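Heads up, the thing below is written out as structure tokens.
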Amino acid sequence: EDEIIEQTVQITSSIFSEVCGVLLLNEQGTILTPHPSYIGADIKNWQNGYPVTEGITGRAVTSGSAIRLGDITTDPKYIEIASEIRSELCVPFWVHDHVIGVFNVESKQENAFDEKDERLLHTIAAGLGTAIEKLRLYKAEQAQGRREAAILDLMRTAASSLDLNQVLQSILGQLIKVIPADTGTIQLLAVDHLNILAAIGTEAMVFAKHAPLMLSDFPINNYVVKQKQTMVIDNTLLDGRFRPFDGNVKIQSFLGIPLIAKGEVIGMISLASYQPSRFTTQDAELGLAIANHVSIAIENARLFDTEKSRRKQAEILHKATEALTTSIELEKLFEIIFDSLAELVPYDSASIELISMGNYMITAGRGITKELLNKNFSTRMKKWGTGEKTRQPIIISNVQSDDRFEKLEGSEYIRSWMGIPLFSQGKLLGYLNLDSRTIGFFNNDHAAIAQTFANQAAIAIENARLFHEENRRSQIIE
């Protein structure tokens, strides 16, 4: 395209030799930019273009008509790109039914251009428009062919494996071929935050280190997820919703696409470019169509993982329940509980707190500081709710911002926490506590399996306590 424009300008300058050049309109139809082949004019100050609301050429675009001025000094809209200019002739040229640019010639003579010049420039401009149209059509067909091939590859990739991380990374690689971008991520929703499961590009890799991404901290991500809509940002530097950090200062345009399965948002895709206004409405529409295939692949992989996990959990739960019956020594029993629990729910630390004389005591622990062991403390049960709520697991996504969590000395590392009530014969014995250094780590699936195990563990603990109490009484009688 550049070569066609340059050759046309050179040929035309043999007729209009003083100032001769082409200005191209951006896709949004808002900015005119002089082509580098411009002859006889100083365009260095206009390399970033100027709005179509300015200049004579801008007026030609907005009106869609040629403009011929015999004396430019009478028109305040004139933008000077060469000194001592007195007359100007500019003719818009078209592709299909919309203006894509303006052919502009200028002269230092007054009334230098007449109707014949205007007709000639019309003919040249029309020929240039036709040549560009054919070239763009050819390029569009090639691009469409590449896109269709890439989409087919993407769909094959989505159906090729049930390994979620592998599928998402492969899909993202294919997606960037379909919608060219410098970086990209696939982020999956977990209640109030997003986890990055796939990333391509330096900025994306750095961004992944910020994970989990709290929705409250990232307005763009929050909008895409909550509104279930795509978002295109042409210039991130001018959009206050974009959150810059050291690793993404080169990013200038952004495309966010929601991932929706069965009517619910399960995450989002983000694409970013070093160029401003890189992504179009068509890119957003195509991205949304592709996202449907991605969502299906994610759901299939999740269903497979869930079924696989349930089978494994059922086996572990059976073994864990059997293990609870192997000892009535409390210390041994606590170790069995921690070992079995680690097989069912990953944790960084865990503890068992039992009720004694109306107070709570951390009776046993794994991965916690010694100072917390055998420590008595009181708590207001109402803060956890009343009635049936007291019989249900409690999950806190970030304990550091939740006043309900008792922030004891030595627990500063804890970010997410899950408390599982220990009931035996309708009586609350205490809680099984699981801690994680990761915000938002525990979920309802963790709670369900942990509660099932805790129900058996509570019976074992109560039996062991009764056995020890009976032994103690026997020793006193003797």
Side-chain angles (χ1 to χ4, degrees), residues 26-28 30-31 48 143 146-147 150-151 153-154 157-158 165 167-190 193-260 265-295 298:
N26 67 347
E27 286 186 6
Q28 291 73 29
T30 56
I31 302 292
N48 293 325
R146 287 194 297 270
R147 281 192 172 192
I151 290 171
D153 286 342
L154 190 149
T157 299
N165 290 334
V167 166
L168 293 184
Q169 193 66 35
S170 298
I171 284 174
L172 186 59
Q174 294 292 338
L175 182 59
I176 285 181
K177 291 179 183 178
V178 178
I179 304 174
D182 294 302
T183 72
T185 66
I186 295 180
Q187 309 165 17
L188 296 190
L189 183 64
H193 65 277
L194 290 160
N195 293 312
I196 296 177
L197 268 69
I200 288 179
T202 304
E203 288 76 14
M205 297 294 187
V206 173
F207 192 52
K209 294 178 181 178
H210 288 252
L213 312 176
M214 301 304 295
L215 291 175
S216 56
D217 294 335
F218 294 88
I220 293 174
N221 306 59
N222 188 57
Y223 175 89
V224 173
V225 168
K226 294 289 179 65
Q227 301 301 319
K228 301 181 182 180
Q229 294 181 4
T230 57
M231 174 177 279
V232 177
I233 296 179
D234 290 330
N235 192 334
T236 59
L237 302 178
L238 302 178
D239 197 308
R241 295 169 298 179
F242 186 77
R243 290 289 180 264
F245 55 88
D246 291 342
N248 73 348
V249 291
K250 292 166 65 178
I251 299 299
Q252 293 200 47
S253 55
F254 175 90
L255 171 60
I257 307 162
L259 291 169
I260 302 173
V265 173
I266 61 171
M268 66 174 284
I269 297 170
S270 74
L271 299 176
S273 173
Y274 302 150
Q275 304 172 23
S277 303
R278 171 62 192 84
F279 304 108
T280 65
T281 304
Q282 289 77 16
D283 288 331
E285 291 172 355
L286 179 60
L288 197 55
I290 292 172
N292 291 333
H293 293 288
V294 178
S295 297
I298 291 170

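From a predicted model like this one, the values you see are computed outputs, not experimental measurements.
Of the inter-residue distances, the one linking Phe242 atom CZ with Thr236 atom OG1 reads 4.5 Å to the nearest 0.5 angstrom. Annotation: the span from Lys250 atom NZ to Tyr274 atom OH amounts to 4.0 Å, rounded to 0.5 Å. Atoms CE and CZ, from Met214 and Phe218 in turn, are 10.5 Å apart once rounded to the nearest 0.5 Å. Taking CD1 from Ile298 and CG from Leu188, the interatomic distance works out to 5.0 Å, rounded to the nearest 0.5 Å. In this structure, NZ on Lys228 lies 13.0 Å from CG on Leu259, to the nearest 0.5 angstrom. Put simply, CD on Gln174 and CD1 on Ile179 are 12.5 Å apart, with the number rounded to the nearest 0.5 Å.
Judged purely by distance below 3.5 Å, without hydrogens or angles, the side chains of Thr185 and Ser270 pair a donor atom with an acceptor atom. A side-chain N or O of Gln187 and one of Asn221 form a donor-acceptor pair less than 3.5 Å apart.
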Practice prompt. Evaluate the side-chain contact (heavy atoms from CB on, under 4.5 Å) criterion for residues Asp234 and Phe254: first the C-alpha distance (whole Å), next the side-chain angles of each, then the deciding distance (0.1 Å), finally the verdict.
Written response: CA-CA 7 Å; Asp234 290 330; Phe254 175 90; over 6 Å; no
Discussion item. Show, in sequence, the C-alpha distance, side-chain angles and deciding distance for Leu271 and Thr183, and conclude whether the side-chain contact (heavy atoms from CB on, under 4.5 Å) test is met.
Written reply: CA-CA 6 Å; Leu271 299 176; Thr183 72; over 6 Å; no
Fill in: Worked check of side-chain contact (heavy atoms from CB on, under 4.5 Å) between Ile176 and Ile200
CA-CA 9 Å; Ile176 285 181; Ile200 288 179; 3.9 Å; yes
Item to complete: Take Leu189 and Leu215 through the side-chain contact (heavy atoms from CB on, under 4.5 Å) test and state the conclusion after the steps.
Response: CA-CA 9 Å; Leu189 183 64; Leu215 291 175; 3.9 Å; yes
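Contact of the Ser216 side chain with the His193 side chain is not registered, since no non-hydrogen atoms from C-beta on lie closer than 4.5 Å. Between Val224 and Ile257, every side-chain heavy-atom pair lies at or beyond the 4.5 Å cut-off.
Listed by chain and number, the residues in a salt bridge (charged side-chain N to carboxylate O under 4.0 Å, His left out) with Asp217 amount to none (sequence neighbours excluded).
Of all non-hydrogen atoms in Asn195 and Ala190, the two that sit nearest each other are ND2-CB, 3.9 Å. Shown here for Ser253 and Ser277, the closest heavy-atom pair between the two residues is CB-N, 3.8 Å. Shown here for Ala291 and Pro258, the closest heavy-atom pair between the two residues is CB-O, 3.6 Å. The minimum heavy-atom distance linking Phe279 with Val232 is given by the pair O-CG1, 3.5 Å. Listed here is the closest heavy atom pair of Met231 and Ile220: SD-CG2, 3.5 Å.
A donor-acceptor distance shorter than 3.5 angstrom exists from the side chain of Asn26 to the backbone of Ile31, with no hydrogens or angles considered.
Here Asp182 does not pair with Arg278 in a salt bridge; the nearest charged N to carboxylate O distance is not below 4.0 Å.
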